[in-house]
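So the structure is just underneath, and the comments pick up after that.
We use all heavy atoms of the structure for the numbers below, so side chains are in, but hydrogens, waters and symmetry mates are not.
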Amino acid sequence: MELLHSGKVRDVYADGDDLILVASDRVSVYDVVLPTPIPDKGKVLTQLSLWWFEQLADVVPNHIISATDVPEEWAGRAVRCQKLTMLPVEWIARGYLAGLGLKEYEKQGTVSGIKLSEGLVEASKLPEPIFTPTTKATEGHDEFITFADVVEEIGQETADRLRTVTLDVYKRGAEIAAERGIIIADTKLEFGRAADGTLVLADEVLTSDSSRFWPADDWQPGRPQHAFDKQFVRDWSSTVTDWDRTPPGPEIPDEIVEATQARYIEVYERITGKRWEA
């Protein structure tokens, strides 16, 4: 197999007409891969994505060909999938105000050009989920763009379709997670186009790397939330006073590694109802 791309978390290999997508245990914050892996992280992300792909099969087709027809050394953390022409947009849905969305709102009262009501605070629930796309930067950081920018980039029909699908995926996921005591504050999706023109959900879906997960019984607007996701590592990294958020990143202490692993596994178990077995 030929290594086509090594990203912050996933490695992509060509295997004939298919791709093999391998999720590593690497973790990145502020677009910097940290030198310390989180054990089992790649497997948790892969298995949670596969569970969600099944739940969302009637909402949008996905890129999965097989979860088992992969090299044994990558069992549990790799999938065989379709080759797609990926779209140059990060498709983000938000039901709560957090992260970069919160920062833009505090500065401008908007997120991706969408005007929000006054008086919102960190972790406020929005009246309705909103679509807040960003660029998909190959270097540097993703930047917010408006829906009009998406239309200009990929056309009205595709933009309309995928805005609707993004919000539908988020709403379905949020509804299922809520039944299990988990708030999905926001999520990021990726889509590609198959050879026959079909729009296909790709990469990962509703995982702790691509979403914010909060325990519903602890949710309280106006303060940071207990994070079952990568925000926990971001919060730790912000306390490292001698790091300027450029490579190389700092080593992660053992207690942060263990707590991060535990949070990823806990949200997997709570959402899927399955006991995690590495």
Below 4.0 angstrom, N of the basic side chain to O of the carboxylate: do [X] and [Y] qualify?
X: Lys188; Y: Asp203; result: no
X: Asp218; Y: Arg223; result: yes
X: Lys8; Y: Asp31; result: yes
X: Asp186; Y: Arg212; result: yes
X: Lys171; Y: Asp168; result: no

Could you check Ser237 against Arg245 for side chain to side chain contact (heavy atoms under 4.5 Å, CB included), going step by step and ending with a plain yes or no? CA-CA 9 Å; Ser237 70; Arg245 297 186 180 178; 5.9 Å; no
Taking [X] for the side chain and [Y] for the main chain, is one N or O donor matched with an acceptor at less than 3.5 Å?
X: Thr46; Y: Lys43; value: no
X: Arg26; Y: Val9; value: yes
X: Asp160; Y: Glu157; value: no
X: Ser210; Y: Thr207; value: yes

Heavy-atom pair of closest approach, residues [X] and [Y]:
X: Asp25; Y: Pro39; value: OD2-CA, 4.0 Å
X: Cys81; Y: Leu21; value: SG-CB, 4.2 Å
X: Pro88; Y: Ile154; value: CD-CG2, 4.1 Å
X: Tyr30; Y: Arg234; value: OH-O, 3.8 Å
X: Ser117; Y: Leu120; value: O-CG, 3.6 Å
X: Thr146; Y: Gly113; value: CG2-CA, 4.2 Å

Drop me the distance from [X]'s [atom1] to [Y]'s [atom2], to the nearest 0.5 angstrom.
X: Arg180; Y: Glu175; atom1: CZ; atom2: CD; value: 10.5 Å
X: Leu116; Y: Thr132; atom1: CG; atom2: OG1; value: 9.5 Å
X: Thr187; Y: Leu167; atom1: OG1; atom2: CG; value: 11.5 Å
X: Asp11; Y: Trp74; atom1: CG; atom2: CH2; value: 7.5 Å
X: Ile271; Y: Lys274; atom1: CD1; atom2: NZ; value: 12.5 Å
X: Arg77; Y: Gln47; atom1: CZ; atom2: CD; value: 10.0 Å

N/O donor-acceptor pairs under 3.5 Å from side chains in residues 97-104, not counting sequence neighbours:
residue: Glu104; atom: OE2; partner: Thr110; partner atom: OG1; Å: 3.2
residue: Glu104; atom: OE2; partner: Ser112; partner atom: N; Å: 3.1

Taking [Y] as the starting point, is it possible to reach [X] by hopping between hydrophobic residues whose side chains are less than 4.5 Å apart?
X: Val257; Y: Val32; answer: yes
X: Trp214; Y: Trp236; answer: no
X: Ile145; Y: Val165; answer: yes
X: Leu19; Y: Val79; answer: yes
X: Leu84; Y: Leu4; answer: no

Quick one: salt bridge (Lys or Arg N to Asp or Glu O under 4.0 Å) partners of Glu190, sequence neighbours excluded? Lys136
Within the supplied structure, the quantity of interest is the number of heavy atoms (other residues, nucleotides, ligands) at a distance under 6.0 Å from [X] [atom1]; does it exceed 12?
X: Glu73; atom1: CD; value: yes
X: Gln108; atom1: CD; value: yes
X: Glu128; atom1: CD; value: no

Which ring-ring contact (aromatic ring centres under 6.0 Å, His included) pairs, counting each pair once, include a residue from residues 113-136, with sequence neighbours left out?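 For residues 113-136: Trp91-Phe131.
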For residues 145-177, the ring-ring contact (aromatic ring centres under 6.0 Å, His included) pairs (sequence neighbours left out) are none
Heavy-atom check, side chain of [X] versus side chain of [Y], under 4.5 Å:
X: Val267; Y: Val44; value: no
X: Asp18; Y: Asp69; value: no
X: Ile92; Y: Thr134; value: yes
X: Arg193; Y: Thr158; value: yes
X: Glu143; Y: Asp149; value: no
X: Tyr96; Y: Gln225; value: no

Considering residues at least two apart in sequence or located in another chain, which fulfil the ring-ring contact (aromatic ring centres under 6.0 Å, His included) criterion with His5? none
Any residue meeting side chain to side chain donor-acceptor pair (under 3.5 Å) with [X], in chain and number order, not counting sequence neighbours:
X: Thr198; answer: Asp196
X: Asp209; answer: Lys41, Tyr264
X: Gln82; answer: none
X: Glu2; answer: none

Could you give me the CA-CA distance, side-chain angles and deciding distance for Phe213 and Arg270, then say whether side chain to side chain contact (heavy atoms under 4.5 Å, CB included) is met? CA-CA 11 Å; Phe213 294 135; Arg270 290 181 64 169; over 6 Å; no
Decide whether Ser238 and Asp235 meet the rule of one side-chain donor and one side-chain acceptor closer than 3.5 Å.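 Distance-only check fails for Ser238 and Asp235.
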Checking Glu251 now: which residues fulfil side chain to side chain contact (heavy atoms under 4.5 Å, CB included) with it, not counting sequence neighbours?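 Glu251: side chain to side chain contact (heavy atoms under 4.5 Å, CB included) contacts with Pro35, Thr36.
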Listed by chain and number, what are the side chain to side chain contact (heavy atoms under 4.5 Å, CB included) partners of Asp217, not counting sequence neighbours?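 Partners of Asp217 by the side chain to side chain contact (heavy atoms under 4.5 Å, CB included) criterion, ordered by chain and then number, come out as Pro215.
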Can you list, pair by pair, the side-chain donor-acceptor contacts under 3.5 Å of residues 48-57, counting residues two or more places apart and other chains?
residue: Ser49; atom: OG; partner: Leu45; partner atom: O; Å: 3.1
residue: Ser49; atom: OG; partner: Val205; partner atom: N; Å: 3.2
residue: Trp52; atom: NE1; partner: Leu206; partner atom: O; Å: 3.0
residue: Gln55; atom: NE2; partner: Trp51; partner atom: O; Å: 3.2

Go through the steps to decide whether Leu199 and Leu87 satisfy the test side chain to side chain contact (heavy atoms under 4.5 Å, CB included), and finish with yes or no. CA-CA 10 Å; Leu199 293 169; Leu87 297 176; 4.1 Å; yes
Give the intermediate values and the outcome of side chain to side chain contact (heavy atoms under 4.5 Å, CB included) for residues Val60 and Leu162. CA-CA 10 Å; Val60 60; Leu162 290 184; 5.9 Å; no
